[in-house]
Amino acid sequence: MNPMAESITEALPLAADAPRYNFRAAEPRWQRAWAERSCFRVADVPTDGRPKYYVLEMFPYPSGKIHMGHVRNYTLGDVVARYKRARGYAVMHPMGWDAFGLPAENAARERGIHPAKWTRENIATMRAELQRMGLSLEWEREFATCDPEYYGHQQKLFLDFLRAGLVERKESWVNWDPVDGTVLANEQVIDGRGWRSGALVEKKQLNQWFLKITDYAQELLDALDTLDRWPERVRLMQAKWIGRSEGARLDFGLEQPVDGIGQVEVYTTRPDTLFGMSFLALAPEHPLSAAVAANDPKAAAFIAECRRLGTSEAVIETAEKQGYDTGLRVGHPFLKDTTFPVWIANFVLMEYGTGAIFGCPAHDQRDIDFARKYGLSVVPVVLPPGADPATFNVGTEAYVGPGTIFNSGFLDGLDVPAAKRAVIAELERLGVGHGEVNWRLRDWGVSRQRYWGSPIPVIHCDSCGVVPVPDDQLPVKLPDDVTFDRPGNPLDHHPTWKHVACPRCGAPARRETDTFDTFVDSSWYFARFCSPLADVPVRREATDHWMPVDQYIGGIEHAILHLLYSRFFTRAMKQTGHLDVDEPFAGLFTQGMVTHESYRSAPGVNGTWLYPEEVEKQPDGTATHRTTGEPVTIGRVEAMSKSKRNTVDPEAIIARYGADTARWFILSDNPPERDMEWTEAGVAGAFRFTQRVYRLAEGVGEAGPARPVDFGEAARALRRTTHRTIAAVSEALDSFAFNVAVARLYELANASADAERRDDTGGLGLARREAVEMLARLVSPMMPHLAEEMYARLYPQATHLVAELPWPQAEPELLAADSVTIAVQVMGKLRATISVPPDAPADTVIAAAETEANVARLLAGKRVVKRIHVPNRIVNFVIAG
RNA sequence: GCCCGCCUGGCGGAAUGGUAGACGCAGCGGACUUAAAAUCCGCAGCCGUGAUGGCAUGGGGGUUCGACUCCCCCGGCGGGCACCA
């Protein structure tokens, strides 16, 4: 299976006599030491007075093995956790498993493994892998969302939400796979067909449970402004997703009522263009469309055609605008003697606004496309600045810019915003409409027709209706004895599970067999971590102390759904008294992906994909197959994916180079928010650095008795480098600039190595010992095992671990230099550098600069009109001419 | 189409408006070695006679004593959203 397995024990070549850091022995030893000393334990409700810091990485789905994306995510989080701990914070850094979901059911269907067994085995494997990474996790808080204790509390939250009016059961249009007998998410509909079954997907109305996230739409939007430690683009994406729009809702009266329907309600953001109306269009699912279709087979056929196309985005994108003229006509609120045709149009969405629009082709691109196709009238009513009202016309492109209203009765002469206000006022006065805010955000449908999820804790009774499961009967546990031998929901097929007595009247009733969307599970796990053993969903004292998460870290792919759902859930939990915070994540960091070159076994795109381990790179930049020797095409560098086989197994890397090397490389390559390229050469370089740093520790002398030393020039220089590195690394870690921290540590290592080659005079040996100790401690958030190993060498009698040490402090007097180099410019171009004492007065510095031969030459005979002096940095002479 | 981001050596990247290219990877030269690896030392943006010479941060303009950094225009790349009325 894994081509790299054979090479796991093969070590990088090293000289036999080279001192060697044996990570295979050291890493497990220090992992045990941290665990035995409970270095990473904190209390649910601490009393030690340290400030709290909650570091959380998005918990993994137990898919089988960890991948490089996990390694990057958890390494980033671990650096923050270890650094903040050293900085004096009580750090909570938990880990758990997002354990429900479809892959487990697929495994059951395809391989006959029970989803619970499959999931538990994957968790065991992946937990061991994470532990080998040396992460400073508090494993005592671990849970999986498939634990009945967890989802039972989730069911309790749902019932509390239900009682608080935050839950609704309603009919909604869904993508229905008639073969699998299940609802599909939009992403699971490919070219109108189910992604698994290949069956044509139908649009179907189904009773679904909804969480009323739209109740919080305004708040979720407004509070984005308070999330100043979130990436701007995530906030923008959420704002767009919530999609607030301001407009008007108004009624259009039908000339002839149809099936009792006398008017059509329309939502518009452009009430100012009402006089430019030329048609009204209904969504195919609109009740009036259905009423028309009842007596008009052609209309029915048109609607059926629209429905067949489904709701998938890909289909909507490519579909041409199509309409059907119903023959009906509507009046206009302001144009008393005019009527307009009513169409059914495929581009009108039932889910947004009222499912009906008025068409103003001159000022809306979709409407003009539609009007030009079907020969409908086009009346411009917004005159662009400078245009001539007598000749201004609209061709195939709608005018959507600002301007002055014309052709519009009482609105003529107003600008667009004023006209909007005037129309709304008039509609309200006439009682046919009003101003309204509309949202793109929809309520959150949480029902899934699946087994491997949390049961939704309600019971359906023929006489009592929907009855919540009483709190004392929670959790509603999943039955173990289920079969996956036929399509549909195994809970529904189960012979006994769903048959229960109604808790209210005792009559035979049925359990809800839908389970929760797994996004529900991940919407509050961060709160549960604060008190993972509590017999309530969350213990208030614990969440009051630990929430919000101070630093949340994960992939940008969760920018909208998971983060928005969690923000909503936090508010809902606050409303129901479970929490007392508004926002779950005070700080958010979104990491880039891990990428790798891809390889194909033959030229062009015809070859099969090859794993990196199957490929041998040649010195000339080409590549061949490791066993067959045939040429290999090197493809693009792209995100690691199983389908492209451009993956590298973290387990193999850790086995071959050690966890610290993997961690170091993944941090050093580039800034963490960008995509990084995983390369063999890069890992090897990181490995060499671990060895080099360790040798430095072996090369320093014993810790002598503390004594005042009159440091010589070289020792003073090294000490300044050491202390500047402390300051620089601290600053870099504070700002997530881990690649810069790495660079500064290379410099310190280089400086220590330089010192090693010089005579130990003037206290250089002591300065070197200090440099190496600080190197160990500064490197510890990133390479914790190596740091412990080095420290143990430096202090064989030490009674504490680096993981328990406070962060080193730079000595301020060592941050100041003996002298500074000043750049001397003439007319902004560098002409010389001079060395002067720090903070030398301006006239001294300028005088010194002027005497530099090269500067004097350029200034000779010229009139200097300005002398710029920036202390400790630069002198610039501006000459006339 | 709309929105956002990015563009610096062969590569990843560094740089409070103040000496552009730190640090690493790859490369080249040398030491050590029978040899290779490893290790160590050194070189290294481009042009150029070895000048503290010139040109250089996608292209063009601007602000400034001074611009990778701020502003405007253009180009390229990447990402997100999208019949949202």
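Here is the naming used below: chain letters follow the sequence lines, and residue numbers restart at 1 for every chain.
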Is it true that, when you exclude [X] itself, more than 12 heavy atoms of the residues, nucleotides or ligands shown sit nearer than 6.0 Å to its [atom1]?
| X | atom1 | result |
| --- | --- | --- |
| A:R440 | CZ | yes |
| A:E265 | CD | yes |
| A:R758 | CZ | no |

Using a cut-off of strictly less than 4.0 Å, decide whether [X] has a side-chain nitrogen or oxygen near OP1 or OP2 of [N].
| X | N | answer |
| --- | --- | --- |
| A:N876 | B:U64 | no |
| A:R873 | B:C65 | no |
| A:R688 | B:A26 | yes |
| A:R366 | B:C84 | yes |
| A:N670 | B:G13 | yes |
| A:N739 | B:A22 | no |
| A:Y267 | B:A85 | no |

Nearest-angstrom distance from the residue atom CD of A:Q365 to P of B:A85: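 Rounded to whole Å, this separation is 15 Å.
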Would you mind reading off the distance between A:F738 atom CZ and B:C23 atom C1', rounded to a whole angstrom?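 Those two atoms, CZ and C1', are 17 Å apart.
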A:N739 and A:D669 side chains, donor-acceptor separation under 3.5 Å: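 No donor-acceptor contact under 3.5 Å links the two side chains.
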Please step through side chain to side chain contact (heavy atoms under 4.5 Å, CB included) for the pair A:W678 and A:V683, ending with a clear verdict. CA-CA 8 Å; A:W678 186 274; A:V683 188; 3.4 Å; yes
Looking at every strand, decide which applies to A:E747 at a 4.0 Å heavy-atom threshold: base, sugar-phosphate, or nothing.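 Contact class for A:E747: sugar-phosphate only.
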How would you label the contact of A:T821 with the nucleic acid (heavy atoms, under 4.0 Å): base, sugar-phosphate, or nothing?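 The answer is base, as A:T821 lies within the cut-off (heavy atoms under 4.0 Å) of a base atom.
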When you look for runs of 3 or more Watson-Crick or G-U pairs in a row, both distances below 3.5 Å, which of them include RNA chain B?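 If one scans RNA chain B for consecutive Watson-Crick or G-U pairs, the stems found are B:1-7 with B:75-81, B:10-12 with B:23-25, B:27-31 with B:39-43, B:45-47 with B:53-55, B:58-62 with B:70-74.
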What nitrogen or oxygen pairs link the protein and nucleotides 2-9 of chain B at under 3.5 Å?
none

What nucleotide, of [options], holds the atom closest to the side chain of [X]?
| X | options | result |
| --- | --- | --- |
| A:T268 | B:A85, B:G53, B:G18 | B:A85 |
| A:L349 | B:A85, B:G13, B:G12 | B:A85 |
| A:N854 | B:C41, B:A14, B:U52 | B:U52 |

Test side chain to side chain contact (heavy atoms under 4.5 Å, CB included) applied to [X] and [options], the passing residue:
| X | options | answer |
| --- | --- | --- |
| A:F877 | A:M827, A:K862, A:E850 | A:E850 |
| A:L224 | A:L221, A:L220, A:D228 | A:L221 |
| A:K644 | A:E638, A:E597, A:H596 | A:E638 |

When you measure only distances, ignoring hydrogens and angles, does the side chain of A:K866 come within 3.5 Å of the base of B:C65 through a donor and an acceptor?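 Under the 3.5 Å cut-off, the side chain and the base do not form any donor-acceptor pair.
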Say you pick atom C1' in B:C46 and the same atom in B:A56; how far apart are they, in whole Å?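 Each nucleotide's C1' atom is 7 Å from the other's.
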Inter-nucleotide P distance (B:A82, B:C11), Å rounded: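 These two P atoms come out 36 Å apart once rounded.
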Listed once per pair and sorted, the side-chain hydrogen bond (donor to acceptor under 3.5 Å, both in side chains) pairs that draw on residues 822-831 of chain A, sequence neighbours left out: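 Matches after skipping sequence neighbours: none remain.
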Is the base of B:G27 syn or anti, where syn means the angle lies within 90° of 0?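 B:G27: anti glycosidic orientation.
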Is the distance from the ring center of A:F279 to that of A:F340 below 6.0 Å?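 No.
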